[in-house]
Amino acid sequence: MLPKLEPHANHYGRDVSAHVPPAAGPSPLLGVGEHHASIWQHAQPYLAVRDNDVHTLYAYGIARALVECHPDADPEVVLPAILLHDTGWSQLPEATVLAAIAPGAGDRETVLRHEQEGARIAASILSAVGHDDERAARVVEIVDGHDTRREALSIDDALVKDADKLWRLTPHGIDTVMDWFGLSREQTRRLVAGRVHDHLFTDAARTMARVLSAVAHVDTLPQRVALG
């Protein structure tokens, strides 16, 4: 569900909009120029599988924050990679997607195939938008192994992996995984936490994970539930 974008009320009764700081620049998706918006436009048709389109946008936002914490990372590798990392799921039968990642099941070969297909799609899209060849090669290498490769090839790869996993702890991630597997919010929080906290590469990501976990836990407290 889309978070509300406009207020339902103004309890104060006065207009305070003049005190809102001006926007710092373009929207985050255009934050490094129109180039990323072009990559997104090409990638979007490949992301209409199990909410991968929305997942990708949230992961992109998380990746931008992680890049800001790591001046040694290359945003023109990390951010295109996160926009393209899950495009390969579109090339597999949709019925196999959840079975490939389900708790207690899983199918490594299917996950590997989505990485390989994603790498192929990423190479094609980056060529179409005129991405730098050397950086494009690094993006493709990251996409091809972003789920199954246990070690990070570089700080860029580490940030892509961390951003991808951190999404699971966001409110949208919890909502999505609940309906994937028919679990309660509290069960989902515990499942996701077990798949995130011990599998992150950077201190910045570990801090973000603790904050997101705290929010997810409060959402299930009896005191919070009683407030509606």
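The first residue of the sequence shown is numbered 1, and numbering continues consecutively from there.
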Margin query: Before you tell me yes or no, could you show the steps for S213 and H197 under side chain to side chain donor-acceptor pair (under 3.5 Å), namely the whole-Å CA-CA distance, both residues' side-chain angles and the distance that decides it to 0.1 Å?
Written below: CA-CA 9 Å; S213 285; H197 289 290; 2.7 Å; yes

Next item on the list: Could you walk me through whether D219 and R189 pass the side-chain contact (heavy atoms from CB on, under 4.5 Å) test, one step at a time?
Entry: CA-CA 10 Å; D219 282 341; R189 182 191 68 79; over 6 Å; no

Notebook entry, point to check: Where do I174 and V177 land on the side-chain contact (heavy atoms from CB on, under 4.5 Å) test, with the steps shown first?
Noted result: CA-CA 5 Å; I174 297 287; V177 177; over 6 Å; no

Next item on the list: Applying side-chain contact (heavy atoms from CB on, under 4.5 Å), run through T87 and T56 and close with a yes or a no.
Entry: CA-CA 10 Å; T87 53; T56 296; over 6 Å; no

Next item on the list: Evaluate the criterion side-chain contact (heavy atoms from CB on, under 4.5 Å) for residue pair Y46 and I125; output intermediate values, then yes/no.
Entry: CA-CA 11 Å; Y46 296 101; I125 289 175; 4.1 Å; yes

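Rounding to the nearest 0.5 Å places CG of D51 at 11.5 Å from CG of D86. Taking CG of D107 as the start and CG of L92 as the end, the distance is 9.0 Å to the nearest 0.5 Å. The CD1 atom of I121 sits 13.0 Å away from the NE2 atom of H42 when rounded to the nearest 0.5 Å. We find the CZ-CG distance between R138 and L153 to be 11.0 Å, quoted to the nearest 0.5 Å. In this structure, CG on N52 lies 9.0 Å from OG on S90, to the nearest 0.5 angstrom.
The backbone N or O of S124 lies less than 3.5 Å from no partner atom in the side chain of S127, so there is not a single donor-acceptor pair. Formation of a donor-acceptor pair under 3.5 Å by the E68 side chain with backbone atoms of A65 is not found in this model. With hydrogens and angles disregarded, no donor-acceptor distance shorter than 3.5 Å links the side chain of E117 to the backbone of W89. In this structure, the side chain of D156 engages the main chain of D74 through a donor-acceptor pair within 3.5 Å.
Contacts of D175 classified as salt bridge (Lys or Arg N to Asp or Glu O under 4.0 Å), with partners at least two apart in sequence or in another chain: R185. Under the rule for a side-chain contact (heavy atoms from CB on, under 4.5 Å), the partners of R108 that lie at least two apart in sequence or sit in another chain are L112, T148. Here T170 pairs with I62, W167, H172, L212 under the side-chain contact (heavy atoms from CB on, under 4.5 Å) rule; sequence neighbours left out. Under the side-chain contact (heavy atoms from CB on, under 4.5 Å) criterion, L221 pairs with H217, V218, Q223, R224, sequence neighbours left out. Judged as a side-chain contact (heavy atoms from CB on, under 4.5 Å), and not counting sequence neighbours, the contacts of D132 are E134, R135.
When hydrophobic clusters are built by joining Ile, Leu, Val, Met, Phe, Trp and Tyr residues whose side-chain heavy atoms come closer than 4.5 Å, directly or via intermediates, L83 is grouped together with V54. Under a hydrophobic-cluster definition in which Ile, Leu, Val, Met, Phe, Trp and Tyr are linked whenever side-chain heavy atoms come within less than 4.5 Å, directly or via other members, L79 and F201 are assigned to different clusters. Under the 4.5 Å side-chain contact rule for hydrophobic residues, V192 and F181 share a cluster. Residues L98 and L191 are members of one and the same hydrophobic cluster, defined by side-chain heavy-atom contacts under 4.5 angstrom among Ile, Leu, Val, Met, Phe, Trp and Tyr.
Under a 4.0 Å N-O distance rule, the pair R113/E109 does not qualify as a salt bridge. Using a cutoff of 4.0 Å between basic side-chain nitrogens and carboxylate oxygens, R120 and D144 are not scored as salt-bridged. Residues R206 and D162 are not paired through a salt bridge, judged by the lack of any N-O separation under 4.0 Å between the basic side chain and the carboxylate.
The closest side-chain donor-acceptor pair between H55 and D164 falls under 3.5 angstrom.
Nearest heavy atom pair, residue D53 against residue A48, reads OD2-CA, 4.4 Å. Minimum interatomic distance between L126 and P80 (heavy atoms only, all atoms of both residues): CD2-CB, 4.3 Å. When every heavy atom of L166 is checked against every heavy atom of A205, the shortest pair comes out as CD2-O, 3.5 Å. Closest non-hydrogen pair, A99 versus A105, comes out as O-CB, 4.1 Å. Contact between P75 and V67 at its shortest, heavy atoms only, is CB-CG1, 4.0 Å. When every heavy atom of H35 is checked against every heavy atom of H131, the shortest pair comes out as NE2-ND1, 2.7 Å.
A 4.5 Å side-chain heavy-atom check between V139 and L84 finds at least one atom pair inside the cut-off. For the pair C69/D203, no side-chain contact is recorded, criterion being any heavy-atom separation below 4.5 Å from C-beta on. V140 places none of its side-chain heavy atoms less than 4.5 Å from the side chain of V143. Side-chain contact between H36 and E76 is present, with heavy atoms from C-beta onward closer than 4.5 Å. Using a 4.5 Å heavy-atom threshold, the side chains of I82 and L159 count as separate. Contact annotation: the side chain of L47 approaches that of W40 to within less than 4.5 Å [non-hydrogen atoms, C-beta and beyond]. Side-chain contact check for R168 versus V196: some heavy-atom pair is nearer than 4.5 Å. A heavy-atom distance below 4.5 Å is not found between the side chains of L66 and V78.
Heavy-atom neighbours of Q187 CD from other residues, nucleotides or ligands within 6.0 Å: above the threshold of 12. Remark: N10 CG is packed, more than 12 non-hydrogen atoms of other residues, nucleotides or ligands lying under 6.0 Å away.
For the side-chain hydrogen bond (donor to acceptor under 3.5 Å, both in side chains) with H146, the qualifying choice from H114, K161, H85 is H114, the only one to do so.
Contacts classified as ring pair (Phe, Tyr, Trp, His ring centres under 6.0 Å) and involving residues 63-84 (residues at least two apart or in different chains) are not found.
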